[in-house]
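Each remark here refers to the structure printed beneath this line.
Hydrogens, waters and symmetry mates play no part in the numbers below; they use all other heavy atoms, side chains included.
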Amino acid sequence: MLIAFSVSPSGGPAGEGAPDSVAAAVADAVLVVRSSGLPHRTDSMFTTVEGEWEECMDVVRRACEAVGRHGPRVSLVLKADIRPGHSGELTGKVDRLEAAVERAQGEAGRGQ
């Protein structure tokens, strides 16, 4: 399964003083993902992890807990591709897309 998620602090700081930056909170979440040992990719909007249901959801839970240490509220956006029996989809889906784009470009070039 693939789980793409975005987690960030929401609301004010947990204690007194200046609020933690969103980047610091997200960095803590990314460290949880990187230390998980699961295949993963982080881009400007989401972090995607690949693995079994329990291990992926555990990473998401722990990433939320890490962000939660930065404030009283956490925002989580999650999208999952649940496809039992498949692995390597973190790169496989992108590889298939790129091949389709190349085919489409070739077909568009022949049609001119």
Pairwise distance CE(Met1) to OG(Ser87) - rounded to 0.5 angstrom: 14.0 Å

Hydrophobic cluster identity match, Val74 and Val59, side-chain contacts under 4.5 Å: yes

Hphob cluster co-occupancy, Val77 + Met45, side-chain heavy atoms under 4.5 angstrom: yes

Glu98 (side chain) donor-acceptor with Asp95 (main chain) under 3.5 angstrom: no

Verdict with reasoning, Met57 to Ile3, per side chain to side chain contact (heavy atoms under 4.5 Å, CB included): CA-CA 8 Å; Met57 292 306 288; Ile3 293 184; 3.4 Å; yes

Path from Leu78 to Val26 over hydrophobic side-chain contacts below 4.5 Å: no

Check: Glu89 main-chain N/O paired with Glu50 side-chain donor or acceptor under 3.5 Å: yes

Closest non-hydrogen atom pair between Ala4 and Phe46, with its separation: C-CD2, 4.0 Å

Residue list, salt bridge (Lys or Arg N to Asp or Glu O under 4.0 Å) with Asp58, at least two apart or on another chain: Arg61, Arg62

Test side chain to side chain contact (heavy atoms under 4.5 Å, CB included) applied to Asp81 and Lys93, step by step: CA-CA 11 Å; Asp81 182 0; Lys93 290 179 90 166; 2.7 Å; yes

Hydrophobic cluster identity match, Val22 and Val67, side-chain contacts under 4.5 Å: no

Interatomic spacing from CZ in Phe5 to CG in Leu76 - rounded to 0.5 Å: 7.5 Å

Least distance between heavy atoms, Gly51 atom then Cys56 atom: N-SG, 3.3 Å

CZ (Arg96) with more than 12 external heavy atoms under 6.0 Å: yes

Heavy-atom closest contact (Leu90 atom, Pro39 atom, distance): CD2-C, 3.8 Å

Salt bridge (Lys or Arg N to Asp or Glu O under 4.0 Å) partners of Lys79, counting only residues at least two apart: none

Pairs satisfying side chain to side chain donor-acceptor pair (under 3.5 Å), at least one member in residues 36-45, at least two apart: Thr42-Thr47

Verdict with supporting geometry, Val49 and Val33, side chain to side chain contact (heavy atoms under 4.5 Å, CB included): CA-CA 8 Å; Val49 293; Val33 173; 3.5 Å; yes

Between CZ on residue Arg69 and CG on residue Asp28, distance to nearest 0.5 Å: 6.5 Å

Over 12 non-hydrogen atoms of neighbours within 6.0 angstrom of CD in Glu52: no

